[in-house]
Amino acid sequence: MKQYISMGRAMYEDENHGLFSKRLAEWAISNMETKDPTTKEMKPLKPRAIDDVQSVLEANKIQLPMEFAYTAWYLFNMAIADYPKTLKTDEQRATFVEETICDPDCCPEAVLECFEAKMCLMGKPIYWERML
């Protein structure tokens with residue numbers, strides 16, 4: 001598979017092993033939007049800070065290895081942006097993060113692959129070299 005991806009993507013993969021880096025998570029979260037329930041218009045997400053997300057995970061007794069910190073941060077904010085009707089509380093969002101990362105018939109790297117596919121489908125390039 002590696003022979004079919006760009007050099008920048010391959011370098012990112014080598015360094016981050018299919019998980020979100022701090023820079024990629026920051027960039028991904030900064031581009032998230034949510035629909036205003038009143039006006040029905042899209043607006044930028046007011047993201048939750050990584051320390052806040054870690055506190056929510058800890059409060060819900062969810063312990064993930066440190067290498068998943070930025071993937072968890074991305075997922076938590078994605079839950080706020082993309083699933084406001086389904087994942088309404090921090091507890092639900094924390095559970096979503098845990099279940100997605102610890103999915104027994106998948107792998108945590110799938111989160112990055114899904115994100116990359118979304119960006120491709122939306123026509124938003126990821127400048128992988130900048131994410132290292």
Side-chain angles (χ1 to χ4, degrees):
M1 176 70 174
K2 219 177 204 181
Q3 66 268 23
Y4 299 111
I5 61 177
S6 70
M7 179 62 79
R9 176 66 168 93
M11 289 169 41
Y12 182 90
E13 179 71 26
D14 288 343
E15 190 169 310
N16 296 284
H17 313 290
L19 302 174
F20 276 78
S21 67
K22 181 180 181 184
R23 285 185 183 166
L24 182 58
E26 287 173 338
W27 181 78
I29 293 166
S30 74
N31 282 289
M32 289 182 182
E33 294 181 321
T34 188
K35 188 181 279 190
D36 184 306
T38 308
T39 64
K40 307 292 187 214
E41 292 182 15
M42 298 303 288
K43 63 178 186 175
L45 176 71
K46 293 179 184 170
R48 298 283 288 275
I50 189 166
D51 293 338
D52 187 28
V53 170
Q54 290 299 324
S55 294
V56 170
L57 295 174
E58 289 171 16
N60 286 281
K61 298 178 176 49
I62 296 171
Q63 297 180 345
L64 300 169
M66 280 305 299
E67 63 262 23
F68 299 113
Y70 298 119
T71 300
W73 184 34
Y74 164 79
L75 281 170
F76 193 92
N77 280 289
M78 185 191 80
I80 295 168
D82 294 353
Y83 304 106
K85 293 179 183 176
T86 307
L87 304 172
K88 296 177 184 181
T89 67
D90 282 351
E91 181 181 6
Q92 291 171 330
R93 294 176 194 126
T95 301
F96 168 76
V97 169
E98 179 184 40
E99 289 180 341
T100 301
I101 290 175
C102 300
D103 183 350
D105 66 344
C106 195
C107 61
E109 295 84 356
V111 176
L112 179 64
E113 298 298 329
C114 289
F115 168 72
E116 186 176 11
K118 281 183 182 180
M119 294 298 99
C120 182
L121 291 168
M122 293 186 331
K124 292 184 178 180
I126 302 169
Y127 298 101
W128 293 105
E129 294 85 355
R130 296 179 193 169
M131 304 303 159
L132 296 171

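If you read the sequence from its start, that first residue is 1, and numbering goes on from there.
- Salt-bridge annotation for Arg9 and Glu113: present, with a side-chain N of the basic residue lying under 4.0 Å from a carboxylate O of the acidic one.
- Contact detail for Thr38 and Asp36: the closest heavy-atom pair is N-OD1, 2.7 Å.
- A donor-acceptor pair under 3.5 Å links the side-chain atoms of Tyr12 to the main chain of Ser21, judged by distance alone.
- Residue Phe20 is tested with Tyr70, Phe115, Trp73 for a ring-ring contact (aromatic ring centres under 6.0 Å, His included); the sole match is Phe115.
- Hydrophobic clustering, with ILVMFWY side chains joined whenever heavy atoms are under 4.5 angstrom apart, keeps Met42 apart from Ile80.
- With rounding to the nearest 0.5 Å, the separation of CD in Glu26 from CE in Met131 is 9.5 Å.
- Listed for the Glu15 side chain is no donor-acceptor partner under 3.5 Å among the backbone atoms of Met11.
- Side-chain contact between Leu75 and Ile101: present, with at least one pair of heavy atoms (C-beta onward) separated by less than 4.5 Å.
- In this structure, Lys124 and Asn31 approach most closely via the heavy-atom pair NZ-O, 4.3 Å.
- Within 6.0 Å of CD on Glu91 lie no more than 12 heavy atoms contributed by other residues, nucleotides or ligands.
- At a threshold of 4.5 Å between side-chain heavy atoms, the hydrophobic network of Ile, Leu, Val, Met, Phe, Trp and Tyr places Leu121 and Met32 in two separate groups.
- Looking at heavy atoms from C-beta onward, Val53 lies out of side-chain contact with Asp90 at the 4.5 angstrom threshold.
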Practice task
I would like to know whether Phe68 and Val111 meet side-chain contact (heavy atoms from CB on, under 4.5 Å); could you show each step before the answer?
Solution key: CA-CA 11 Å; Phe68 299 113; Val111 176; over 6 Å; no

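- Not one N or O on the side chain of Arg93 forms a donor-acceptor pair closer than 3.5 Å with the backbone of Phe76.
- Between Ala79 and Leu87, the shortest heavy-atom contact is CB-CD1, 3.6 Å.
- In terms of modelled atom types and a separation under 3.5 Å, the side chain of Lys40 and the main chain of Pro37 share a donor-acceptor contact.
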Handout entry: Test side-chain contact (heavy atoms from CB on, under 4.5 Å) applied to Ile126 and Trp27, step by step
Key = CA-CA 9 Å; Ile126 302 169; Trp27 181 78; 4.0 Å; yes

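- Annotation: side chain of Thr100 is not in contact with side chain of Met78 (no heavy-atom distance under 4.5 Å).
- Taking NZ from Lys22 and CG from Asn16, the interatomic distance works out to 13.5 Å, rounded to the nearest 0.5 Å.
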Practice task
Any chance you could lay out the side-chain contact (heavy atoms from CB on, under 4.5 Å) test for Val97 and Leu57, step after step, and finish with the verdict?
Solution key: CA-CA 9 Å; Val97 169; Leu57 295 174; 4.3 Å; yes

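- The two residues Gly18 and Leu112 come nearest to each other via the heavy atoms O-CB, 3.4 Å.
- In terms of heavy-atom proximity, Ala72 sits nearest to Leu64 at CB-CD1, 4.0 Å.
- Minimum interatomic distance between Glu67 and Leu19 (heavy atoms only, all atoms of both residues): O-CD1, 3.4 Å.
- For the atom pair Asp82 CG and Glu33 CD, the distance stands at 10.5 Å (nearest 0.5 Å).
- A distance of 7.5 Å separates CD in Glu109 from CD in Glu13, rounded to the nearest 0.5 Å.
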